[in-house]
Amino acid sequence: MSKLEPPRYVKILFDQYSQNGIMALNDLHKFLMEFQGHEQATKDDAHAIFNSLKYLNIFQRKGLHLEAFLRYLMSDLNAALCPSSGVHQDMKAPLAHYFMFTGHNSYLTGNQLSSDSSVEPIINALRNGVRVIELDLWPNSKKDNVEVRHGGTLTSPVELIKCLHAIKDNAFHASEYPVVITFEDHLTPDLQSKVAKMVTKTFGKMLFCPESDQMKEFPSPESLKKRVMISTKPPKEYVETQNSKEKDTRQKSRKSSKKEHWEDEKAASTIEIEIETETDDKDQLVQIEHIPDEEEEIEYRNLIAIHAGKLKGPLENWLSIDSNKVARLSMSEQEVENATRTNGTDIVRFTQRNLLRVYPKGLRLDSSNYNPFVGWTHGSQMVAFNMQGYGKHLWVMHGMFKANGRCGYVKKPDFLLQLDQNNMVFDPSKQLPVKINLKVKVLMGEGWDLDFHRTHFDLYSPPDFFVKLAVAGVPGDKAKRKTGVIKNDWLPDWNEEFEFSLTVPELAVLRIEVFEYDASGKHDFAGQTCYPISELRTGIRAVPLHNRRGELCKNARLLMQFKFACKAPNAI
């Protein structure tokens with residue numbers, strides 16, 4: 001095994017900022033400010049780096065020599081995202097102004113058809129920063145309690161109360177900003193009342209219940225710290241029974257007594273309970289004998305902080321702006337793709353005040369995911385993903401929510417929230433000028449020999465590594481590059497630079513993947529990571545890699561340089 005050698009580029013840089021082979025405290029401070037772009041760096045910052053290297057035998061009291069300097073560059077102290085920035089975006093705007101880390105069918109352990117339901121995926125999601133958890137509520141076999149499962153499939157159930165306790169115990173482990181629980185409700189009114197009691201007892205003062213069901217504006221994440229919110233469709237006032245005369249009599253009586261209380265609900269004229277299965281993209285109609293009393297409906301209804309609806313009828317009706325109330329709309333990825341072609345700016349305008357949730361199409365039985373930027377570029381706050389899977393789209397989702405201190409809320413760019421002088425909103429379909437150029441230099445890598453068995457990649461020789469780079473974002477910003485292959489080396493040294501032109505850097509994510517070359521074309525995966533480009537730190541940075549499931553590798557990492565240039569004057 002060869003010894004880790006600094007790339008020639010790093011040696012030249014070290015010579016530039018050192019004296020007689022030693023980089024003293026003042027030299028390191030100068031390097032941080034001038035080359036790394038850390039203009040606010042202090043000598044205390046440089047001293048902290050010195051202290052972090054004291055445990056190494058290579059550290060000298062007078063300063064860093066070349067090997068110690070390289071170890072600093074490869075360390076977590078020199079991460080591509082600032083490790084100490086924390087939450088730094090304005091968190092006092094309404095919820096509609098933020099992208100929210102959102103899960104889909106959060107209770108499933110695997111595929112959408114036959115996997116187990118469990119609290120474990122919920123716990124894992126919350127501990128990884130997910131802020132929106134989805135639960136599908138169904139009656140149990142005895143019709144006397146509530147369970148969580150993917151209806152119409154072979155998936156096993158898990159008790160709702162276990163899911164609620166898992167959420168309560170883990171909600172604020174990764175972030176103190178609010179958790180939203182979206183219910184896909186397939187319950188009878190008496191079971192809805194049971195859910196209301198469960199939720200109220202479990203969360204207590206953590207539960208946010210608005211004073212009115214006619215909120216004109218959503219609260220801010222800041223005002224909702226350590227609070228839990230319920231989002232679902234309000235219960236219908238009327239239900240259908242098998243005896244039409246009894247149905248008519250009951251409906252007339254209830255309509256008279258409750259007209260004033262429910263007159264704001266369009267759903268009040270509906271005589272069927274519509275059960276919606278998002279993943280099947282179908283609506284099922286059922287007849288229910290139980291007629292709820294007013295207390296049951298109000299008890300459940302009062303839980304709902306974010307009123308939800310699913311697309312039915314003309315799109316224009318749903319996207320019309322109601323200045324007196326805000327709500328959440330759910331659409332499948334296919335519905336959103338189709339809608340953006342005809343009503344793109346209407347969706348942007350709608351999401352300036354209201355919430356839009358996008359969920360995977362029903363054919364994704366393997367728990368795969370889709371391109372999140374279709375939703376994000378149109379202002380959709382809740383782009384719901386299957387967190388238990390893996391793949392490039394999920395990696396990009398993880399990358400996006402590394403921003404803003406990994407708190408699960410990322411402020412939408414101003415151009416998605418503003419109106420121009422003609423009262424027009426941002427049009428995602430228009431070609432935009434280049435706003436900034438990102439230069440990425442891939443220098444070297446290390447750690448695979450510690451994370452993988454010596455014969456993992458090749459039985460008889462060291463691996464042949466190469467790096468793929470890709471920008472995910474608006475269509476005009478998408479681009480891919482790759483390095484050459486370094487043959488037979490556990491410590492590859494590429495020293496290759498690439499340039500990406502970006503029109504909307506605020507919504508761009510840099511995807512980095514490492515592969516071991518195979519002549520068959522089926523290259524072996526060797527690590528990946530994604531970063532929000534808007535928060536990349538300039539200079540030479542350590543880039544730790546993750547496995548396919550997004551878990552951090554212990555040792556495998558790259559050394560890369562990031563540089564921004566060519567800022568256009570008349571950008572977005």
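All values reported here derive from a predicted model rather than from experimental measurement. In this chain, numbering begins with 1 at the start of the sequence shown.
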Check your understanding: Does His88 NE2 have over 12 foreign heavy atoms under 6.0 Å away?
Key -> yes
Check your understanding: Taking the six-membered ring of Phe401, is the NZ or CZ of Arg406 close enough (under 6.0 Å from the centre) and on axis enough (within 45°)?
Key -> no
Review point. Does Glu497 use its side chain to pair, donor to acceptor, with the backbone of Lys439 at less than 3.5 Å?
Key: no
**Study point:** Pair Asn26-Lys43, side-chain donor/acceptor within less than 3.5 Å
**Key:** yes
Check your understanding: So, are Arg71 and Glu446 salt-bridged, with charged N and O less than 4.0 Å apart?
Key -> yes
**Study point:** Residues Tyr17 and Glu34: side-chain donor-acceptor under 3.5 angstrom
**Key:** yes
Check your understanding: Taking side chain as C-beta onward, heavy atoms only, is Val442 less than 4.5 Å from Leu469?
Key -> yes
Review point. Would a distance-only check, ignoring hydrogens and angles, find a side-chain to backbone donor-acceptor pair under 3.5 Å from Arg511 to Val396?
Key: no
Review point. Is there a donor in the side chain of Ser501 and an acceptor in the side chain of Asn437, or the other way round, less than 3.5 Å apart?
Key: yes
Review point. At what distance, to the nearest 0.5 angstrom, does CG of Asn354 lie from CG of Asp322?
Key: 8.5 Å
Review point. Does the side-chain hydrogen bond (donor to acceptor under 3.5 Å, both in side chains) test come out yes or no for Thr345 and Asp427, once each step is laid out?
Key: CA-CA 6 Å; Thr345 55; Asp427 186 350; over 6 Å; no
Check your understanding: Judged by atom type as modelled, is there a donor-acceptor pair below 3.5 Å linking the side chain of Tyr409 to the main-chain atoms of Pro178?
Key -> yes
Exercise for review: List the atom of Trp494, the atom of Met444, and the distance in Å for their closest heavy-atom pair.
Suggested key: CZ3-C, 3.8 Å
Practice item. Compare every heavy atom of Leu417 with every heavy atom of Gln352, then report the nearest pair and how far apart it is. Key: NE2-C, 3.3 Å
**Study point:** Nearest non-hydrogen partners of Leu355 and Gln381, listed with the distance
**Key:** CA-OE1, 3.2 Å
Check your understanding: Taking everything shown except Arg548 itself, do over 12 heavy atoms lie less than 6.0 Å from its CZ?
Key -> yes
Check your understanding: Hey, is the main chain of Ser368 close enough, under 3.5 Å, to the side chain of Asn386 for a donor-acceptor pair?
Key -> yes
Check your understanding: Does Phe14 offer a backbone N or O that forms a donor-acceptor pair with the side chain of Ser18 under 3.5 Å?
Key -> yes
Review point. Looking just at side-chain N and O atoms, do Gln388 and Ser367 make a donor-acceptor pair shorter than 3.5 Å?
Key: yes
Review point. Under 3.5 Å, side chain of His104 to main-chain N/O of Ala384, donor-acceptor pair present?
Key: no
**Study point:** Residues Asp76 and Arg557 bridged, charged N to O under 4.0 Å
**Key:** yes
Check your understanding: Looking at Glu5 and Leu70, what are the two nearest heavy atoms and their distance?
Key -> C-CD2, 4.2 Å
**Study point:** Side-chain donor-acceptor pair present, Glu535, Asn404, cut-off under 3.5 Å
**Key:** no
Exercise for review: Ignoring hydrogens and angles, state whether a donor on the side chain of Ser75 or Asn78 is under 3.5 Å from an acceptor on the partner side chain.
Suggested key: no
Practice item. Classify the side-chain pair Asn111/Asp366 by whether it contains a donor and acceptor separated by less than 3.5 Å. Key: no
Study note, to complete from the structure: In this structure, CE of Met331 is separated from OG1 of Thr340 (nearest 0.5 Å) by 8.5 Å
Exercise for review: Begin with the C-alpha distance, continue with both residues' side-chain angles, and end with the deciding distance and a verdict on side chain to side chain contact (heavy atoms under 4.5 Å, CB included) for Thr538 and Phe35.
Suggested key: CA-CA 8 Å; Thr538 59; Phe35 191 86; over 6 Å; no
Point to revise | Cation over ring face, Lys441 and Phe498, 6.0 Å, 45° | key: no
**Study point:** Straight-line distance of Asp524 CG to Phe452 CZ, nearest 0.5 Å
**Key:** 9.5 Å
Point to revise | Main-chain N/O of Ser223 paired with Ser220 side-chain donor or acceptor, under 3.5 Å | key: yes
Point to revise | Criterion ring-ring contact (aromatic ring centres under 6.0 Å, His included) against Trp448, the qualifying member of Phe515, Phe465, Phe457 | key: Phe465
Check your understanding: Counting distance only, does the side-chain N/O of Asn51 pair as donor-acceptor with the main-chain N or O of Ala48 below 3.5 Å?
Key -> no
Check your understanding: Side chains of Gln561 and Tyr9: do they bring a donor and an acceptor to under 3.5 Å?
Key -> yes
Exercise for review: Go through Asp477 and Thr503 one step at a time and tell me if the side-chain hydrogen bond (donor to acceptor under 3.5 Å, both in side chains) criterion holds.
Suggested key: CA-CA 6 Å; Asp477 289 352; Thr503 63; 2.8 Å; yes
Practice item. Name all residues meeting the side-chain contact (heavy atoms from CB on, under 4.5 Å) criterion together with Ala174; count only those two or more places apart in sequence or in a different chain, and write none if there are none. Key: none
Check your understanding: Is the distance between the ring centroids of Trp376 and Tyr98 under 6.0 Å?
Key -> no
Point to revise | Polar side-chain atom of Ser106 near backbone of Glu134 as donor-acceptor pair, under 3.5 Å | key: yes
**Study point:** Closest heavy-atom pair and its distance - Tyr359, Glu335
**Key:** OH-OE1, 4.1 Å
Review point. Is Ile133 close to Val180 at the side-chain level, that is, under 4.5 Å between some pair of heavy atoms?
Key: no
Check your understanding: Distance from Thr351 atom OG1 to Met382 atom CE, nearest 0.5 Å?
Key -> 12.5 Å
Review point. If you round to the nearest 0.5 Å, how far is CD of Gln418 from CZ of Phe426?
Key: 12.0 Å
Review point. Going by an N to O cut-off under 4.0 Å, is there a salt bridge joining Glu506 and Lys412?
Key: no
Exercise for review: Return the set of residues passing salt bridge (Lys or Arg N to Asp or Glu O under 4.0 Å) with Lys225 (not counting sequence neighbours), or none when no residue passes.
Suggested key: Glu176, Glu222
Review point. Is it true that atom NZ of Lys480 has more than 12 heavy atoms of other residues, nucleotides or ligands lying nearer than 6.0 Å?
Key: no
Review point. Which distance, rounded to the nearest 0.5 Å, do you find between the CZ of Arg131 and the OH of Tyr177?
Key: 11.0 Å
Check your understanding: What is the minimum heavy-atom distance between Gln36 and Tyr72, and which atoms define it?
Key -> NE2-OH, 4.4 Å
Point to revise | Electrostatic pair Lys392:Glu513 at N-O distance under 4.0 angstrom | key: no
**Study point:** Pair Asp518-Ser520, side-chain hydrogen bond (donor to acceptor under 3.5 Å, both in side chains): steps then yes or no
**Key:** CA-CA 5 Å; Asp518 191 297; Ser520 69; 2.7 Å; yes
Exercise for review: Decide yes or no on salt bridge (charged side-chain N to carboxylate O under 4.0 Å, His left out) for Arg481 and Glu499, but give the supporting numbers first.
Suggested key: CA-CA 9 Å; Arg481 308 281 191 274; Glu499 187 167 341; over 6 Å; no
**Study point:** Any donor-acceptor pair under 3.5 Å from Thr377 side chain to Phe373 backbone
**Key:** yes
Point to revise | Donor-acceptor side-chain pairing of Thr529 and Lys402 below 3.5 angstrom | key: yes
Check your understanding: Which pairs, with at least one residue in residues 538-558 and sequence neighbours excluded, count as a ring-ring contact (aromatic ring centres under 6.0 Å, His included)?
Key -> none
**Study point:** Verdict with supporting geometry, Glu496 and Thr483, side-chain hydrogen bond (donor to acceptor under 3.5 Å, both in side chains)
**Key:** CA-CA 7 Å; Glu496 293 188 48; Thr483 68; 4.5 Å; no
